[in-house]
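Data first, discussion second: the structure below is written as structure tokens.
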There are 2 protein chains.
Amino acid sequence: MLSSVTLREVADEAGVHYSTASRALNPATRSIVNAKTAKKVLAAAERLGYRPHPLARGLRTNRTLTIGMAVPDLLNPVFPQLYAGAEASLRDQGYWLLVGAGDDCGTPKSASRILIDQHVDGLIVANAHIHSTLPQNPTNQTAPTVLVNRTTDTIDAPSVACDDHAGIGLVVRHLVELGHTDIAHIAGPQFISNGVIRRQAFVAWMHSSGLETPPELIVETDGFHIDEGRRACERLLDSGARFTAIVGANDLMALGCYDVLAERGIRVPHDVSVTGFDDMAYIDRVHPAMTTVSVPFYEMGALAGEVMLTLLTSEDSGAGTLPTSTRLRPHLEVRDSTAPPAVS
Amino acid sequence: MLSSVTLREVADEAGVHYSTASRALNPATRSIVNAKTAKKVLAAAERLGYRPHPLARGLRTNRTLTIGMAVPDLLNPVFPQLYAGAEASLRDQGYWLLVGAGDDCGTPKSASRILIDQHVDGLIVANAHIHSTLPQNPTNQTAPTVLVNRTTDTIDAPSVACDDHAGIGLVVRHLVELGHTDIAHIAGPQFISNGVIRRQAFVAWMHSSGLETPPELIVETDGFHIDEGRRACERLLDSGARFTAIVGANDLMALGCYDVLAERGIRVPHDVSVTGFDDMAYIDRVHPAMTTVSVPFYEMGALAGEVMLTLLTSEDSGAGTLPTSTRLRPHLEVRDSTAPPAVS
DNA sequence: CATCATACGGCACTCGTTTGCAGTATTTGC
DNA sequence: GCAAATACTGCAAACGAGTGCCGTATGATG
């Protein structure tokens with residue numbers, strides 16, 4: 001289906017051999033052919049509406065102009081933002097972004113599928129297990145990879161993420177300034193870098209504020225979802241531990257806290273303050289509007305795309321790849337879910 | 001980069017010619033080769049971790065196992081849902097879904113780009129202008145196309161959408177039953193089918209309820225976004241017309257109404273009831289929780305994927321394509337943004 | 001006018017797979 | 001045991017574009 005116009009037809013139209021047409025059409029080799037001939041070929045191509053066949057070209061050049069992006073969950077509004085940013089910067093350079101969604105952060109399965117079965121030129125990974133290895137083909141070769149929003153211990157690849165440590169600092173300081181001392185943390189899964197880093201940051205900032213972090217006030221979850229937040233909040237309340245604020249490791253889990261607290265008649269922020277992380281879309285419209293750490297996801301995605309592009313060109317030029325790790329500055333959005341602790 | 005193991009290597013490993021290996025590997029042609037030989041080849045392929053080269057295969061068969069999906073705006077949570085549904089049903093059959101996001105509902109530019117530059121086998125279009133034509137290549141050929149969530153006057157392609165007429169009926173009846181008589185409508189853009197159909201449905205249902213629809217109570221917008229909803233609501237209020245309820249053509253525009261009404265000290269639902277359409281993610285958590293028409297977007301996407309698959313197979317078998325138009329039943333979600341009109 | 005240097009265009013092979021066709025084993029029937 | 005039919009398998013030609021290499025045409029120069 002859809003047989004488009006081929007290079008030979010362009011060449012015939014222009015009255016030259018198709019190899020000449022090929023060179024004329026390719027900006028990199030255009031200088032080889034006579035300027036007049038090139039002009040003729042370009043005109044013919046324009047007239048016929050020639051578009052190079054992407055498969056044929058890819059087969060020959062071994063480049064598909066396609067980048068794969070592995071995300072855990074498109075329904076979390078954070079990832080469409082990441083996607084949009086990356087897509088914008090890649091499209092500028094003629095690249096396509098192919099998204100593969102799948103929750104399997106543990107295995108590099110989805111990434112591997114996208115990498116091998118689609119022959120992408122590079123991979124932007126947003127769902128890395130903290131100990132995951134790079135997806136490889138059986139001959140142990142790999143493709144240029146950029147980690148975004150997540151990092152790993154084990155992969156030596158450039159990453160673009162948020163300065164989670166600073167972000168947690170923002171909320172902890174905010175709560176401390178409000179007068180809170182008994183602060184709980186709903187930690188993310190400890191097999192994902194964000195979960196680990198935010199947890200460690202929470203402990204560090206609490207201690208540097210002279211506050212305790214008793215183990216019963218830190219609850220770990222198995223995923224950054226609303227349900228996990230619910231379960232964690234229930235565990236927290238059922239433990240009987242006293243606290244006046246909850247620092248959620250992301251917005252969705254904080255939303256889960258909202259639900260459980262409401263069910264039990266605990267008012268936010270009057271009885272308990274709640275903070276999130278991400279500043280996902282529409283989180284400023286929930287009730288009460290959530291105080292959270294705003295992460296520039298679009299910019300993060302755009303930057304990841306640019307890093308990918310430099311990776312691709314440096315690979316072409318044979319220069320040694322220089323994995324850089326960038327962390328973007330978040331900022332605090334103070335809304336209505338935080339207040340001074342009630343005097344008891 | 002990423003040179004994977006090739007068919008010839010598998011054939012060598014199995015000690016057969018590579019054409020034989022090809023036949024053994026392809027389930028459709030496997031019956032041609034000797035069962036023992038096939039077994040040998042399969043084992044060799046397994047051992048070497050062979051994956052067919054997608055570009056080479058696509059070049060030869062003229063099928064890429066990739067479907068393109070054109071959506072207007074990934075940041076509207078509705079479209080990730082559509083995507084997820086379609087992706088799920090297509091992946092089952094080994095197909096990939098490549099999303100192209102772009103607001104250009106008017107031109108089939110993005111669709112055409114995705115169609116020609118990526119050589120997709122089919123196109124799922126979720127951003128059709130009501131008068132748009134199918135994207136074509138210069139030789140006037142086109143690819144199997146399924147419209148989803150939108151329809152057009154001009155394209156004779158199968159479509160999967162929501163029964164908007166019935167959906168609007170649900171909210172209008174709901175408001176009428178609450179006692180509202182002066183009901184306004186924030187209509188979507190009239191170059192998009194949803195905008196037109198919901199507007200017509202609003203007028204029809206109002207009339208069948210014996211109610212008037214004065215022109216000043218229907219405001220059209222230029223896009224299904226929050227900002228457009230804001231502007232429309234301002235126009236509505238500034239017109240001085242009296243009304244006790246607003247039927248928004250989608251949730252985002254209804255959110256825009258929330259904002260303007262709040263700024264002007266008009267309480268929802270006490271002073272004015274507001275309804276949305278779509279039941280997008282997290283709209284049950286805004287304040288007040290929005291009464292809206294729930295549309296099964298995931299199922300819609302999944303169905304679109306299945307329709308696409310039947311289209312592809314019917315094309316193979318040469319059977320005339322049978323464009324069907326499916327409309328999924330929505331249901332009403334009554335929440336806190338609607339109430340009886342205040343007695344004045 | 002002859003020779004050489006240069007610039008340009010054409011030939012042919014390549015990427016990895018599918019597939020029509022022909023050829024060769026192998027079996028079956030008599 | 002021989003012929004014919006069958007069942008496999010191998011050969012080679014595609015698909016469309018890119019590119020090293022060689023031949024030729026063109027120009028310049030002595």
Side-chain angles (χ1 to χ4, degrees), chain A residues 1-41 44-45 48-65 94 116-119 121 137 139 316, chain B residues 1-41 44-45 48-65 94 116-119 121 137 139 316:
Chain A
M1 48 127 264
L2 198 75
S3 76
S4 43
V5 28
T6 147
L7 183 58
R8 313 180 97 98
E9 300 178 89
V10 175
D12 288 353
E13 172 87 8
V16 297
H17 195 264
Y18 62 90
S19 66
T20 307
S22 169
R23 280 188 266 258
L25 258 14
N26 187 341
T29 52
R30 185 169 304 155
S31 58
I32 300 181
V33 326
N34 191 336
K36 287 197 303 288
T37 320
K39 201 123 208 158
K40 257 195 321 192
V41 172
L48 270 53
Y50 169 74
R51 315 292 295 264
H53 193 299
L55 299 175
R57 160 181 288 181
L59 179 61
R60 182 64 231 257
T61 62
N62 212 13
R63 296 173 67 232
T64 53
L65 296 178
I116 296 176
D117 288 352
Q118 277 291 321
H119 252 250
D121 293 340
N137 66 1
T139 50
D316 283 355
Chain B
M1 47 126 265
L2 198 75
S3 74
S4 43
V5 26
T6 144
L7 183 58
R8 314 180 96 99
E9 300 178 90
V10 174
D12 288 352
E13 172 86 9
V16 298
H17 195 263
Y18 62 90
S19 65
T20 307
S22 169
R23 280 186 269 258
L25 258 13
N26 187 341
T29 53
R30 186 169 304 154
S31 59
I32 301 180
V33 323
N34 189 339
K36 287 198 304 288
T37 319
K39 201 123 208 158
K40 256 193 321 189
V41 172
L48 269 54
Y50 168 75
R51 317 293 295 264
H53 194 300
L55 299 175
R57 161 180 287 180
L59 180 60
R60 182 64 230 252
T61 61
N62 210 15
R63 296 172 66 233
T64 54
L65 296 179
I116 296 176
D117 288 351
Q118 277 292 321
H119 252 249
D121 292 341
N137 66 1
T139 50
D316 284 355

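Proteins come first, then strands; the chains are lettered A, B, ... in the order of their sequence lines, and each starts at number 1.
- Considering only side-chain atoms of B:Arg8, the nucleotide from D:dT19, D:dG16, C:dT17 that sits closest is C:dT17.
- To the nearest 0.5 Å, atom CD1 of residue A:Ile32 and atom OG1 of residue A:Thr20 are 10.5 Å apart.
- Residues A:Asp121 and A:Thr64 share a closest heavy-atom pair of OD1-N, 2.9 Å.
- As a whole-Å value, the separation of B:Asp12 CG from C:dT17 C1' is 15 Å.
- For B:Arg57 and D:dG16, the CZ to P distance is 18 Å, given to the nearest whole Å.
- One can place NZ of B:Lys36 at 11 Å from C1' of D:dC8, the figure rounded to the nearest angstrom.
- In this structure, CG of A:Leu65 is placed 14 Å from C1' of D:dG18, rounded to the nearest angstrom.
- When each of A:Val16, A:Val33, A:Val41 is tested with A:Arg23 by the rule side chain to side chain contact (heavy atoms under 4.5 Å, CB included), just one qualifies, namely A:Val33.
- Counting non-hydrogen atoms under 4.0 angstrom, B:Ser22 reaches a base of the nucleic acid.
- In terms of heavy atoms, B:Val5 sits closest to B:Val10 at CG2-CG2, 4.2 Å.
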What does the list of N/O pairs under 3.5 Å between the protein and nucleotides 6-13 of chain C look like, with a distance for each?
| from | atom 1 | to | atom 2 | distance (Å) |
| --- | --- | --- | --- | --- |
| C:dG9 | OP1 | A:Thr37 | OG1 | 2.6 |
| C:dG9 | OP2 | A:Asn34 | N | 3.2 |
| C:dG10 | OP2 | A:His17 | N | 2.7 |
| C:dG10 | OP2 | A:Thr20 | OG1 | 3.1 |
| C:dG10 | N7 | A:Ser19 | OG | 3.2 |
| C:dG10 | N7 | A:Arg23 | NH2 | 3.3 |
| C:dG10 | O6 | A:Arg23 | NH2 | 2.4 |
| C:dC11 | OP2 | A:His17 | NE2 | 3.1 |

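- Positionally, the nearest nucleotide of DNA chain D for B:Ala38 lies more toward the 5' end than for the other of B:Ala56 and B:Ala38.
- A 4.5 Å side-chain heavy-atom check between B:His119 and B:Asn62 finds at least one atom pair inside the cut-off.
- Straight-line distance from the CG atom of B:Leu59 to the C1' atom of D:dC15: 4 Å, rounded to whole Å.
- The CG atom of A:Asn26 sits 13 Å away from the P atom of D:dA17 (whole-angstrom rounding).
- Summarising the geometry, the separation between NE2 on B:His53 and P on C:dT14 is reported as 17 Å, rounded to the nearest angstrom.
- Remark: A:Arg30 CZ is packed, more than 12 non-hydrogen atoms of other residues, nucleotides or ligands lying under 6.0 Å away.
- Rounded to whole Å, atom C1' of C:dG16 lies 7 Å from atom OH of B:Tyr50.
- B:Leu7 comes within contact range of at least one nucleobase, with a heavy-atom separation under 4.0 Å.
- Looking at A:Asp12 and A:Glu9, their side chains never come closer than 4.5 Å, going by heavy atoms from C-beta outward.
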